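The structure under discussion appears below in the form of structure tokens.
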Amino acid sequence: MKHNDYKELLHLSLYDELNEEDRSVLDGHLEGCAECRDEFEELKKLSILLSHGERIEITDQLLDEARRELRVALRLENSKRPFWAGLMEQFDALTSPAGRFALSGVAMILVGLTAGYWLFAPSEPTGLSGITRAVEPSSSQPTETKITNFKFMGQPLQGSDVEFTFDMVTPVHMKGNVNDVAVQRVLAQALMNDHNPGARLRTVSAIANDDVALKSSDTEIKAALVQAVKGDANVGVRKQALKALQRFPLDNEIKDALLYVLKNEENPGIRIEAIAYLQSPEFSRQLVDQDLLNILKEKMQSDNNNYVRTRVKHFYEEVQQQ
Amino acid sequence: MMQDLDLIQRAKSGDMGAFEQLVFRYDKQVLTIAARYVQSSEDAKDIYQEVFLRVFRSLPRFQLRSQFSTWLFRITTNVCLTHRAKRKRHTHTSLSQDSDDEHGGSRAEAISDSSATDERAENSDTAFHVTQAVGTLSPKQKMVFTMKYYDGYKIREIAQMTGLNEGTVKRYLFAATRKVRTSLKDLL
């Protein structure tokens with residue numbers, strides 16, 4: 001090994017990058033080489049000196065500021081981004097021959113399915129009744145339909161004719177994927193109407209699950225979640241509903257729900273969740289209105305929770321900067 | 001905890017919450033690398049923002065062939081290397097002002113003239129000289145030098161993060177150490 005090679009080992013030793021073998025080689029050399037010993041001592045002094053160099057401390061405050069400024073920049077970036085740019089990016093992935101082949105296959109299947117639907121679909125009313133097509137009564141049991149709220153209508157009819165109303169309750173066993181629109185509709189109804197908070201909590205938790213692919217067009221689910229966030233009697237349901245709501249794009253309807261929570265929710269944890277969602281990069285300038293500013297102003301001064309006041313204040317400042 | 005891959009895929013489909021989670025996972029490291037390199041919190045924040053905006057813009061084209069963190073840190077070092085300081089550094093400014101004091105001498109002389117032995121003053125004097133010495137390095141030398149000495153990364157990690165090979169990182173590092181050593185000769 002040449003003398004210069006030992007010098008390289010000296011540096012590596014200083015950087016704490018020597019393996020055991022090289023270290024013992026270097027130690028052996030240092031015992032017999034005064035020049036390298038001197039150099040090693042000087043390098044150690046240099047190392048100590050460098051440890052006195054100026055260093056910017058990465059405090060939580062600095063990180064917070066950086067994140068806040070990034071959020072504002074991302075919002076601007078988002079608002080500048082034309083719709084077609086996003087669309088083109090999606091198509092970029094399909095520029096390979098395999099991608100184009102797959103795309104044409106999918107297109108053919110879609111055309112076939114659409115044609116089949118128009119030719120053979122039975123004409124049934126849509127809406128909530130559409131669920132029944134996806135729902136099958138438990139096949140192993142006889143139908144257990146119960147008739148309640150039975151009433152004869154008006155005057156008795158002539159002869160053997162009768163006219164009456166009643167509610168028909170049929171137990172339904174439903175097994176399906178939460179991504180299925182029909183299942184989602186039932187869940188939305190359950191969330192709004194079920195009297196059991198445990199059932200509502202399980203319902204909203206199922207919707208909040210990350211595996212569920214919610215679309216902005218799932219308006220029934222969204223409306224049910226907004227209603228739950230605003231008015232469910234159970235705090236757990238409200239919290240989960242807020243979490244699930246964050247799966248939708250932040251629009252005016254959700255913004256209003258979040259402001260309602262900020263203004264009226266008793267639980268500070270949920271208020272903090274609401275302000276965190278408002279502060280997310282999804283918040284765009286178009287969502288700023290006088291109502292928002294008034295509520296933020298009021299809450300940054302009068303909320304009974306310090307942290308909520310601070311978060312609201314930060315958000316208010318961000319909004320003002322935009 | 002959700003994997004980077006899941007977050008990337010969700011972020012690619014426009015889920016800003018997922019993008020934010022990705023940012024929060026690595027942003028302290030990004031800010032630290034930037035701050036050590038530019039020695040200014042304001043410039044470090046600029047770099048931080050530029051890095052994540054570039055990530056945001058390029059994410060749809062990210063092919064998942066490399067790890068997200070490798071890609072992110074490569075962007076970070078590139079942004080650092082091309083960054084031009086926009087704002088005057090507070091520490092620099094004040095020290096420079098000191099060096100132009102009415103005695104016409106440097107801060108170091110002013111301290112020794114007044115026989116000040118206060119440890120803090122000595123440390124700040126040393127810090128000033130060290131910063132000056134590091135400031136004489138070329139951008140790439142400075143990058144690997146600060147990552148090694150101040151952030152404590154291994155040569156292998158620096159190579160990954162900068163996209164250089166290990167031999168080149170060593171070369172920059174040795175050259176930088178030699179240069180800094182020469183600049184600080186009087187203090188050794």
Side-chain angles (χ1 to χ4, degrees), chain A residues 7-8 10-12 14-17 39 41-63 65-78 81 85-86 88-90 92-93 210-211 213 216 246-247 249-250 276-277 279-283, chain B residues 2 6 10 12-17 19-20 23-24 27-28 30-32 34-36 38-41 44-46 48-50 52-53 56-57 59-61 91-92 122-124 126-131 133-134 145-146 148-150 152 154-156 170 173-174 177-178 180-181 184 187-188:
Chain A
K7 291 205 167 177
E8 187 176 321
L10 283 180
H11 280 260
L12 290 174
L14 183 75
Y15 307 146
D16 195 24
E17 298 264 3
E39 176 143 6
E41 284 310 309
E42 200 174 304
L43 281 174
K44 280 200 267 187
K45 278 188 204 162
L46 175 69
S47 184
I48 293 167
L49 201 61
L50 289 172
S51 68
H52 292 299
E54 286 176 349
R55 281 176 215 200
I56 306 289
E57 278 306 308
I58 308 300
T59 58
D60 287 347
Q61 193 194 344
L62 183 64
L63 189 61
E65 281 171 21
R67 285 175 176 176
R68 218 163 355 122
E69 287 171 17
L70 176 64
R71 276 195 197 107
V72 174
L74 281 172
R75 263 177 230 146
L76 276 174
E77 185 77 16
N78 257 341
R81 211 174 194 199
M88 289 311 288
E89 276 162 4
Q90 298 298 319
D92 272 356
D210 283 342
D211 296 335
S216 52
Q246 293 180 34
R247 311 281 314 284
L250 182 50
Y277 186 25
Q279 257 188 310
S280 73
E282 277 189 52
F283 187 87
Chain B
M2 207 176 274
D6 299 321
R10 283 175 54 182
K12 274 181 160 194
S13 62
D15 182 343
M16 291 303 284
F19 182 73
E20 195 170 62
V23 171
F24 288 178
D27 66 343
K28 194 167 183 178
V30 168
L31 191 60
T32 307
R36 302 283 190 255
V38 288
Q39 284 293 312
S40 145
S41 49
K45 281 194 291 179
D46 286 349
Y48 170 100
Q49 190 175 111
E50 177 61 25
F52 286 111
L53 282 176
F56 179 72
R57 287 176 199 137
L59 200 61
R61 293 187 299 278
T91 46
H92 237 139
E122 277 180 24
N123 281 345
S124 102
T126 308
F128 171 70
H129 287 291
V130 169
T131 307
V134 174
F145 187 84
T146 54
K148 181 70 210 167
Y149 276 98
Y150 296 162
K154 292 277 174 200
I155 289 175
R156 181 179 41 81
K170 277 186 198 170
L173 205 48
F174 294 159
T177 308
R178 271 198 303 274
V180 169
R181 191 175 159 194
L184 296 174
L187 297 174
L188 287 171

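This one's a predicted model, so the numbers in the text were calculated from it and none came from an experiment. Note: hydrogens, waters and symmetry copies are ignored here, and every other heavy atom, side chains too, is used. A, B, ... follow the sequence lines: proteins, then strands. Residue 1 opens every chain.
Using a 4.0 Å cut-off between charged side-chain N and carboxylate O, B:E20 and A:R71 make a salt bridge.
The backbone N or O of A:D60 sits nowhere less than 3.5 Å from a side-chain atom of B:K28 that would complete a donor-acceptor pair.
Contact count against chain B (heavy-atom pairs under 4.5 Å) is highest for A:L74 among A:L12, A:I48, A:L74. Taking chain A as the reference chain and counting heavy-atom pairs below 4.5 Å, the highest number among B:I155, B:T146, B:D6, B:T32 is found for B:I155. Among the candidates A:E57, A:E17, A:K45, the residue making the largest number of heavy-atom pairs closer than 4.5 Å to chain B is A:E17. Chain B forms more heavy-atom pairs under 4.5 Å with one residue of A:R67, A:E65, A:K7, A:R55 than with any other, namely A:R67. Your options are B:V130, B:L184, B:D27, and the one with the most heavy-atom pairs under 4.5 Å with chain A is B:D27.
Counting only N and O atoms by type, the side chains of B:T177 and A:Y15 include a donor and acceptor under 3.5 Å apart.
Counting heavy atoms from C-beta outward, B:E50 and B:D46 have side chains that stay 4.5 Å or more apart. For the pair A:F283 and A:Y277, the minimum side-chain heavy-atom distance is 4.5 Å or more. Between A:L62 and A:I56 the shortest side-chain heavy-atom distance falls below 4.5 Å.
The aromatic ring centroids of B:F52 and B:Y48 lie less than 6.0 Å from each other.
Only the side chain of B:K148 comes within contact range of chain A, with at least one heavy atom under 4.5 Å from a heavy atom of that chain. Proximity to chain B is limited to the side chain of A:L14, based on heavy atoms less than 4.5 angstrom apart. Interface remark: A:E42 contributes backbone and side-chain atoms alike to the contact with chain B (heavy atom separation under 4.5 Å). Contacts of A:L43 with chain B are made by side-chain atoms alone, with heavy-atom separations under 4.5 Å and no backbone atom involved. Proximity to chain A (any heavy atom under 4.5 Å) is shown, for B:R181, by both the backbone and the side chain. If you measure heavy-atom distances from B:F19 to chain A, the contacts under 4.5 Å come from the side chain alone.
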I would like to know whether A:E41 and A:K44 meet salt bridge (Lys or Arg N to Asp or Glu O under 4.0 Å); could you show each step before the answer?
-> CA-CA 5 Å; A:E41 284 310 309; A:K44 280 200 267 187; 3.4 Å; yes

